[in-house]
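To find a chain, count down the sequence lines: A is the first, B the second, and so on, and within it residues start at 1.
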2 protein chains.
Amino acid sequence: MDNKKIQEERMKRYFIQATKKILKGEGLKAVNVRTIAKEAGYSYATLYNYFKDIKDLVFECVKDFQSECKEIVDLEAKGTQRGVSRIKKISSSFMKYFVQYPGIFELFYLEKTYDLGHKKPTINLIYSFLDSLCEQDWNYCLDKKIFSESEIEIKKEALRNVTVGVLLFYLNRYNPPKYDEFIKLTERQINYVFK
Amino acid sequence: MDNKKIQEERMKRYFIQATKKILKGEGLKAVNVRTIAKEAGYSYATLYNYFKDIKDLVFECVKDFQSECKEIVDLEAKGTQRGVSRIKKISSSFMKYFVQYPGIFELFYLEKTYDLGHKKPTINLIYSFLDSLCEQDWNYCLDKKIFSESEIEIKKEALRNVTVGVLLFYLNRYNPPKYDEFIKLTERQINYVFK
DNA sequence: TAAGTAAATTAACAGTGTTAATATATTTAA
DNA sequence: TTAAATATATTAACACTGTTAATTTACTTA
């Protein structure tokens with residue numbers, strides 16, 4: 001029964017597509033089994049034939065959003081010279097993606113995950129996402145001996161924390177209150193990681 | 001009618017005390033109008049005579065927790081020499097407070113705040129909390145010309161972001177997975193802000 | 001084509017936040 | 001001091017959410 005598998009995957013995709021649409025549009029607060037099912041064109045109970053619970057479904061969107069974000073970031077960073085400059089460019093582009101879609105930021109970093117066991121891979125994907133976006137350039141820095149391995153480790157960590165930290169305050173705590181201040185802060189803080 | 005005011009404040013305090021207890025114990029997920037009211041010894045509807053909604057009540061706890069946190073941090077940092085060393089000490093102590101009470105971290109940084117207008121002061125209190133804990137020492141650094149004003153500004157920002165960033169990953173995304181790794185990461189990242 | 005299986009839907013329940021209707025205290029004025 | 005007026009608290013009820021159970025519909029296959 002390979003058809004069964006194909007059909008099941010298709011159904012899952014309908015629900016995932018619906019969830020993604022709502023998440024990007026009205027945000028996480030608008031995501032619930034009934035709105036998703038309606039958007040997907042099914043009854044809300046049908047959803048439970050394909051997903052353990054709604055968190056499960058919602059976290060299944062992560063990979064897609066990461067792909068989308070990566071595409072945008074790669075496009076935006078294209079042309080920037082390899083190494084530190086491009087890491088900076090990627091980082092600020094990465095942040096702008098979440099400013100454009102605050103619901104996706106919530107999903108990646110704020111949404112609770114009782115039942116860790118099953119979602120551990122997704123959680124790790126989220127944790128290392130920025131690193132993976134910059135991978136090439138970190139390797140470049142290592143090859144060219146711009147930074148040592150341990151320096152890179154520290155800078156990766158710092159970048160991870162600073163990007164998400166700034167976003168958290170901006171998107172969830174309205175600080176700084178204006179977008180252009182947010183941009184300045186972002187530039188300043190990303191630069192500070194490298195000096 | 002000054003009695004009215006006193007009595008009203010007293011009632012508010014009962015509910016706030018109850019909320020704090022639950023928040024520190026079972027965490028934010030266990031906080032709801034019915035558990036709070038039960039703990040306070042009133043019916044859940046009574047709560048609405050004193051608070052606009054449950055978010056309002058929950059955010060009223062912030063000040064108390066900040067006081068408590070400050071006490072603990074001050075005690076722990078006492079004896080550490082003024083300036084950078086003490087800023088580091090305060091920062092890691094600040095972080096440990098939230099590790100001890102993850103529910104309070106959620107309240108401070110993760111909890112959503114529709115109706116910004118009314119809660120703006122609390123939100124700002126949260127934003128500048130670490131700065132205020134370190135205020136003396138930042139001033140010391142400025143007086144002794146250890147850092148310039150603009151350097152201090154950048155370092156304050158960096159510290160704010162790195163502390164909350166590390167906590168977010170540790171408490172909400174289980175990374176690093178072990179406490180001792182978290183501690184090492186914390187030390188490393190706080191130090192990195194100052195070099 | 002009818003029986004058996006799979007899938008989807010409707011109904012129902014439990015846990016939230018919130019408001020309305022009702023009951024109980026308390027205060028005030030005759 | 002007591003009856004009316006006011007303030008406060010409680011119970012009932014509703015809306016919204018996640019989830020499961022019962023039922024119906026669709027599909028497969030003998």
Just the rounded figure in Å: distance from [atom2] of [N] to [atom1] of [X].
X      : N      : atom1 : atom2 : answer
A/K112 : D/dT17 : NZ    : P     : 18 Å
A/M11  : D/dC27 : CE    : C1'   : 14 Å
B/Q7   : D/dT8  : CD    : P     : 8 Å
B/E8   : D/dA9  : CD    : C1'   : 14 Å

Review point. Between D/dT11, D/dT19, D/dA9, which nucleotide gets closest to the side-chain atoms of B/S43?
Key: D/dT11
Check your understanding: So which nucleotide from D/dA13, D/dA21, C/dA12 ends up closest to the side chain of B/Y44?
Key -> D/dA13
Revision key, fill the gap. The side-chain hydrogen bond (donor to acceptor under 3.5 Å, both in side chains) partners of A/Q66 (sequence neighbours excluded) come to none
Check your understanding: To 10°, what angle do the rotation axes through the five end pairs on each side of the helix from C/dT1-D/dA30 to C/dA30-D/dT1 form?
Key -> 30°
Check your understanding: Partners of A/D137 by side-chain contact (heavy atoms from CB on, under 4.5 Å), sequence neighbours excluded?
Key -> A/R82, A/R86, A/I87, A/I90
Check your understanding: Excluding sequence neighbours, so at least two apart, what forms side-chain contact (heavy atoms from CB on, under 4.5 Å) with B/T122?
Key -> B/F59, B/V62, B/I126
Revision key, fill the gap. In short, ring pair (Phe, Tyr, Trp, His ring centres under 6.0 Å) pairs touching residues 30-51 of chain B with sequence neighbours left out are B/F15-B/Y42
Review point. Can you pull the ring pair (Phe, Tyr, Trp, His ring centres under 6.0 Å) pairs that have at least one residue in residues 18-41 of chain A, sequence neighbours excluded?
Key: none
All N/O donor-acceptor pairs, side-chain side in residues 31-39 of chain B, below 3.5 Å, sequence neighbours left out:
residue: B/N32; atom: OD1; partner: B/R34; partner atom: N; Å: 2.9
residue: B/N32; atom: OD1; partner: B/T35; partner atom: N; Å: 3.0
residue: B/T35; atom: OG1; partner: B/A30; partner atom: O; Å: 3.0
residue: B/T35; atom: OG1; partner: B/N32; partner atom: N; Å: 3.1
residue: B/T35; atom: OG1; partner: B/N32; partner atom: O; Å: 3.0
residue: B/E39; atom: OE2; partner: B/K21; partner atom: NZ; Å: 3.1

Revision key, fill the gap. Sorted by number, residues from residues 13-39 of chain B placing a heavy atom under 4.0 Å from DNA chain D are B/R34
Revision key, fill the gap. Within residues 46-57 of chain A, those residues having any heavy atom closer than 4.0 Å to DNA chain D are A/Y48, A/D53, A/I54
Check your understanding: Partners of B/K55 by salt bridge (Lys or Arg N to Asp or Glu O under 4.0 Å), sequence neighbours excluded?
Key -> B/E111
Check your understanding: Do B/F105 and B/Y101 have ring centres separated by under 6.0 Å?
Key -> no
Study note, to complete from the structure: Output for pair (B/K20 NZ, B/E60 CD), nearest 0.5 Å, gives 11.5 Å
Contacts table for residues 72-81 of chain B: side-chain donor-acceptor under 3.5 angstrom, sequence neighbours left out:
residue: B/D74; atom: OD2; partner: B/K70; partner atom: NZ; Å: 3.1
residue: B/E76; atom: OE1; partner: B/S93; partner atom: OG; Å: 3.1
residue: B/T80; atom: OG1; partner: B/A77; partner atom: O; Å: 3.0

Point to revise | By ring pair (Phe, Tyr, Trp, His ring centres under 6.0 Å) - contacts of A/Y114 (at least two apart) | key: none
